[in-house]
Structures are given as C-alpha cells and as structure tokens.
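Here the structure comes first, spelled out in structure tokens, and everything after it is commentary.
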Amino acid sequence: MAAQIQYADVEVGTELPAASFPVTRATLVQYAGASGDFNPIHWNEKFAKGVGLPDVIAHGMFTMAEAIRVVTDWVGDPGAVVEYGVRFTKPVVVPNDDRGGLIEVTAKVAAKLDDNRVRVDLTAMSAGQKVLGMSRAVVELA
C-alpha cells in the first residue's frame with residue numbers, strides 16, 4: 001500500500017474527516033483477549049470502582065489505536081504513519097448499558113515537514129473530556 005494523499009495537496013490547517021468510535025464492554029473483552037491485558041479495571045465494575053475509578057475504563061492503548069484510525073483512514077495506508085505518540089489524560093469510561101462509551105476524534109495538519117511528511121495533531125474526546133493529550137502523528141504522504 002502507499003499513501004493516497006498528495007503532499008502538494010495538503011496545507012497546514014487541513015482538517016481530516018472526524019470519526020466516532022463506540023466502545024462497549026464486549027469490545028473491551030475482545031481487546032483484552034487480543035492484547036493479553038486482562039487487568040480487571042477493564043472488565044470488572046466492582047473492582048474498577050473499588051480502586052477509585054468511576055466505572056470500567058477502556059485500555060489506554062485501545063483508545064490510542066482507535067484515535068489513529070482517523071489518520072490511517074485519511075491517508076489510505078497505515079504504514080504511512082512513521083511516528084505516533086500521546087499522553088493519556090483521562091480514561092474512557094465504559095458503562096454497562098446499551099450504549100457503552102464513545103471516543104470522538106478530530107484531527108488536522110499542524111505542520112508540513114521535509115520528505116513529504118506532515119505532522120497531524122489529533123483531539124480525542126469522550127463524555128466531553130479530552131482523553132488524549134499531545135496526540136500527534138507524523139505521516140509520509142505521496
């Protein structure tokens with residue numbers, strides 16, 4: 001695969017299509033199985049509340065992975081992401097109801113770099129709170 005977005009067609013301030021990612025308890029169990037992270041704060045409500053959390057929370061790495069999908073969907077090639085980093089600022093709370101939680105992600109090109117690369121800044125929100133800080137990706141465009 002190769003990036004489908006042309007460097008020449010992108011300007012600082014270009015907004016990527018926003019996306020929302022639902023998170024249910026079933027999603028967390030599936031992620032736990034795939035990642036091997038079976039920490040009970042991600043599936044056991046009694047335990048999560050017992051350690052001071054408001055409810056079960058999504059895995060930080062799961063939240064990070066969902067957020068970068070906005071960038072990989074935009075560029076058309078996950079391999080075009082050459083750097084990605086975040087700070088975890090708030091947890092994504094996942095209630096045991098029909099809705100679960102929701103991760104809402106927006107992103108925009110913050111800088112044009114050398115070698116057909118751009119820096120994309122992401123904003124990830126859940127329940128009105130920013131859940132990732134300093135969320136940035138460097139992407140190599142066509």
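Everything numeric in this text was worked out from a predicted model, so none of it was measured. Nothing fancy with the numbering, it's 1 onward along the sequence.
Under the 4.5 Å side-chain heavy-atom criterion for ILVMFWY residues, a single connected hydrophobic cluster contains both Tyr31 and Phe88. Val81 and Met1 fall into different hydrophobic clusters, defined by Ile, Leu, Val, Met, Phe, Trp and Tyr side-chain heavy atoms under 4.5 Å apart, directly or through other members. In the hydrophobic cluster analysis, where Ile, Leu, Val, Met, Phe, Trp and Tyr join through side-chain heavy atoms closer than 4.5 angstrom, Ile41 is grouped apart from Ile103. Taking hydrophobic clusters as Ile, Leu, Val, Met, Phe, Trp and Tyr residues chained together by side-chain heavy-atom distances below 4.5 Å, Val93 does not share a cluster with Leu28.
Using a 4.5 Å heavy-atom cutoff, the side chains of Leu141 and Val75 are in contact. Contact of the Thr14 side chain with the Lys112 side chain is not registered, since no non-hydrogen atoms from C-beta on lie closer than 4.5 Å. Asp55 is listed as a side-chain neighbour of Glu45, based on a closest heavy-atom distance under 4.5 Å. Counting heavy atoms from C-beta on, the side chains of Val56 and Asn96 never come closer than 4.5 Å. No side-chain heavy atom of Thr106 sits under 4.5 Å from any side-chain heavy atom of Glu104. Side-chain contact between Phe62 and Asp37 is absent, with no heavy-atom pair separated by less than 4.5 Å.
Considering OG1 of Thr63 and CD1 of Ile68, their distance stands at 13.5 Å, rounded to 0.5 Å. The distance from atom CZ of Arg119 to atom CG of Asp121, rounded to the nearest 0.5 Å, is 4.0 Å. Atom-to-atom distance recorded for Ser20:OG and Glu66:CD is 11.0 Å, nearest 0.5 angstrom. Between the CG atom of Leu16 and the OG1 atom of Thr72 there is a distance of 10.0 Å, given to the nearest 0.5 Å.
With hydrogens and angles ignored, the 3.5 Å screen pairs no side-chain donor or acceptor of Trp74 with any backbone N or O of Pro17. Looking at Tyr7, its side chain does come within 3.5 Å of a backbone N or O of Leu113 through a donor-acceptor pair. With Tyr84 contributing its side chain and Met64 its backbone, the two residues share a donor-acceptor pair below 3.5 Å. Here the side chain of Ser126 pairs a donor or acceptor atom with the backbone of Leu102 at under 3.5 angstrom.
When all heavy atoms are compared, the tightest approach of Thr89 to Gly133 is CG2-N, 3.5 Å. The minimum heavy-atom distance between Thr24 and Val94, with the atom names listed, is C-CG1, 3.7 Å. In terms of heavy-atom proximity, Ala110 sits nearest to Val12 at O-CG1, 3.6 Å. Contact record, Val105 with Ala124: CG2-CB, 4.3 Å, taken as the closest heavy-atom pair. Between Val82 and Glu140, the closest heavy-atom pair is CG1-OE1, 4.2 Å. Residue Leu122 comes nearest to Ala137 through the heavy atom pair CD1-N, 4.2 Å, listed as atom of the first residue, atom of the second, then distance.
Between His42 and His59, the ring planes lie parallel to each other; the angle is under 30°, not in the 30° to 60° tilted range.
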Practice prompt. Quick one: do Phe21 and Val70 satisfy side-chain contact (heavy atoms from CB on, under 4.5 Å)? Show the steps, please.
Written response: CA-CA 10 Å; Phe21 305 99; Val70 167; 4.1 Å; yes
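Salt bridge annotation for Asp115-Arg117: absent, with no cationic side-chain nitrogen under 4.0 angstrom from a carboxylate oxygen.
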